[in-house]
Amino acid sequence: MTLSITISQQIKAYNLAACPTLPEFLETAYKTQKSLKKNEQFRKRIEVIQGFEFNTASTQIEESNDQQYIVAAGLYAPSLKIFETSQLSMKCSRGLDSEIVKFCILGDDYKKIAMVCEDRNIELHAQYGKHFKLRVPKQPTDMIYNPYNCNLLVSSQNEDITRLNLELGSFVESYTLQQETGVNCLSMHEQLQLGLVGGNKQLSVIDFRSDQVVQQLGVSDVTSIATQNLQVALGTKEGQIKLFDLRKHIPIHVYQHQYRLPIKKIVMNEDMIVSCDAKILKFWQGNRLFTNIEPQSEINSFTWVKNSGMFLLALEQPRMGIYFIPQLNAAPKWCPFLDNLTEEMEEEEQQTVYDEYKFLSYEELEKLDALHLLETAMLKPYSHGYLIHLKLYLKLRQQKGLDFEDYKQKRIQQNYEKQLEAERISKGYVIPEEPEIEQPVRKVDPRFEKMLKDNDYTVDKKSEAWKRAHPSEVKVKKQINKNKR
């Protein structure tokens, strides 16, 4: 089966979208004029959700509360796609006039969706499609929905937060905060009915029951917010995730992304914190790194499928990412077959075979004049050297003339050994018999006199032990005796 596995911190993550799609397989087969019946990758392909892609890239992806639908926004052209998990395929696609900045699922399913676009329009969609469209006064940056009073809050690049009441069908008084440089992100704590507003200078906490700012934290350049119980995680432009208790002004812990890029999204689930920037998706458990996922394309957003170990990623590529980590939780209820697949792969012994590769050290590369291949795809760093494809290695040797030199040296050595053997036989060389106990030429030290007369030090050339230790001499003696006959 075609599953790409990445291992980080000894945790396996299965990439379920690594296999090419069916149209890509058909296009390749048409170009190469080869049948797909014998294509092992095609026969063992896995496509969790059919058509899970956009023409250019995806910008946001969310799961409905009833876990029956997945809603994703992408481009180009700007569109919104709704996938039905029970059918593992797309339900419908809706075209838009402008790129979506943020969308919110207003109900438990796909029937009510609100989205704010870059052209400063808010579009409200029902089950049948577009229901209403209206404009906001400023360029939007984020949007959240408060289900308790039906208010849709839209932040902008100034200090005002526009409020649209969906029950009344009209705008209500906006929130005015001390955020002169604008608001970057919004979040809502549903249990406490608090609104969190992140800006370039501070974090403001609004109580929706009194419409008053009840708390302010001195955290600058906030780009993403997540809440759980009395804790709030704030992502910054410097790639930090600061974990706060709402009752205190000092962070409990600070996590750092090594790329130091702005944090795009944070999700908190019990003792796990998941955060992403444009390069990597990191998992934090307690105060340590649990694992991470680093796709090949830039990350725009992600969502954690509820009660499972599956993650859906919106990427800067046509196909959206699907990753599954069995050590976090089981597969979603709408694709339970993933558990069996991963268990089968765990039982199989996974070994990396390098039969078609040759290991070379740096000195050997220098001898082949192949240093220009360093930091290219032709050389794979391995241990204290590099792995190079065997065909390329043989080609480099041929260009350098090393194959002829090795052959020449080998032939010289063989001829020399044959000449030595012929000389020994023709001269009838006889190895003189040695005395059983060799007498030292010099004066014997009285301390070793007793040892030299000991029978245990006697050399018995007829013993099997001596013959095994001197096979060459035994062979010569046998050859001489044979010639004498």
Side-chain angles (χ1 to χ4, degrees), residues 1-6 12-63 68-96 99-100 110 293-303 305 310-324 331-332 334-342 344-345 348 350 352-353 355-356 377-378 389 391:
M1 60 204 66
T2 307
L3 281 182
S4 176
I5 303 175
T6 58
K12 289 185 178 181
Y14 294 86
N15 184 1
L16 305 178
C19 178
T21 60
L22 181 59
E24 291 173 345
F25 274 118
L26 294 175
E27 183 180 359
T28 304
Y30 178 77
K31 290 180 178 179
T32 58
Q33 296 296 318
K34 292 183 179 179
S35 175
L36 292 175
K37 293 181 180 179
K38 298 182 180 179
N39 190 325
E40 196 71 16
Q41 188 181 19
F42 174 76
R43 292 175 62 249
K44 294 185 177 181
R45 74 189 188 280
I46 294 176
E47 194 169 2
V48 178
I49 301 176
Q50 188 176 359
F52 203 57
E53 59 184 3
F54 286 89
N55 292 334
T56 305
S58 51
T59 56
Q60 185 186 351
I61 186 167
E62 301 290 343
E63 183 192 26
Q68 295 296 317
Y69 302 95
I70 296 171
V71 184
L75 44 99
Y76 188 80
S79 59
L80 186 80
K81 290 187 177 182
I82 301 172
F83 299 88
E84 192 170 0
T85 56
S86 60
Q87 302 298 323
L88 296 179
S89 61
M90 186 174 67
K91 183 177 182 64
C92 65
S93 177
R94 297 172 181 175
L96 300 168
E99 183 179 345
I100 297 175
Y110 76 100
I293 296 173
E294 190 168 2
Q296 295 180 352
S297 302
E298 183 177 327
I299 305 173
N300 289 323
S301 183
F302 76 95
T303 187
V305 179
M310 179 179 285
F311 294 84
L312 308 176
L313 276 64
L315 304 172
E316 279 292 329
Q317 66 179 25
R319 197 167 189 184
M320 289 178 280
I322 305 176
Y323 288 86
F324 178 51
W334 42 269
C335 56
F337 59 87
L338 289 179
D339 288 327
N340 297 331
L341 290 178
T342 53
E344 289 176 6
M345 295 189 69
E348 297 177 359
Q350 300 291 330
T352 305
V353 181
D355 291 340
E356 298 181 355
M378 297 180 182
H389 200 277
K391 290 183 179 179

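- In Gln50, the CD atom is not crowded: 12 or fewer heavy atoms of neighbouring residues, nucleotides or ligands sit closer than 6.0 Å.
- Atom-to-atom distance recorded for Lys81:NZ and Ile49:CD1 is 12.0 Å, nearest 0.5 angstrom.
- In this structure the side chain of Ile5 never reaches within 4.5 angstrom of the side chain of Asn15, judged on heavy atoms.
- One finds the OG1 atom of Thr56 at 9.0 Å from the CD atom of Glu316 (value rounded to the nearest 0.5 Å).
- Phe54 and Ala72 make their closest contact through CZ-O, 3.5 Å (heavy atoms, listed as atom of the first residue, atom of the second, distance).
- No side-chain heavy atom of Phe324 sits less than 4.5 Å from a side-chain heavy atom of Val48.
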Could you walk me through whether Tyr14 and Leu338 pass side chain to side chain contact (heavy atoms under 4.5 Å, CB included), step by step? CA-CA 10 Å; Tyr14 294 86; Leu338 289 179; over 6 Å; no
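- The CG atom of Asn300 lies 7.5 Å from the CG atom of Leu315; values are rounded to the nearest 0.5 Å.
- In this structure, CG on Leu16 lies 7.5 Å from SG on Cys335, to the nearest 0.5 angstrom.
- Of all non-hydrogen atoms in Pro336 and Ala331, the two that sit nearest each other are CA-CB, 4.5 Å.
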Stepwise side chain to side chain contact (heavy atoms under 4.5 Å, CB included) check, Glu294 with Thr6: CA-CA 9 Å; Glu294 190 168 2; Thr6 58; over 6 Å; no
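- Classification of the Phe83-Phe52 ring pair by plane angle, with boundaries at 30° and 60°, yields perpendicular.
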Between Ile70 and Thr303, does the side chain to side chain contact (heavy atoms under 4.5 Å, CB included) criterion hold? Intermediate values first, please. CA-CA 10 Å; Ile70 296 171; Thr303 187; 6.0 Å; no
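- Contact record, Met320 with Ser58: CG-OG, 3.3 Å, taken as the closest heavy-atom pair.
- Under 3.5 Å, the side chains of Glu84 and Ser86 contain a donor-acceptor pair of N or O atoms.
- The two residues Pro78 and Glu99 come nearest to each other via the heavy atoms CG-N, 3.8 Å.
- Counting heavy atoms of neighbouring residues, nucleotides and ligands inside a 6.0 Å radius, atom CZ of Phe337 exceeds 12 of them.
- Atom CD of residue Glu63 and atom OG1 of residue Thr85 lie 7.5 Å apart, to the nearest 0.5 angstrom.
- A pairwise comparison of heavy atoms in Ala77 and Asn55 identifies N-ND2, 4.3 Å as the closest pair.
- Within the model, atoms CZ of Arg319 and CD of Glu47 stand 5.5 Å from one another, a figure rounded to the nearest 0.5 Å.
- Closest approach of Ile61 and Ala314 over heavy atoms only: CG2-N, 4.0 Å.
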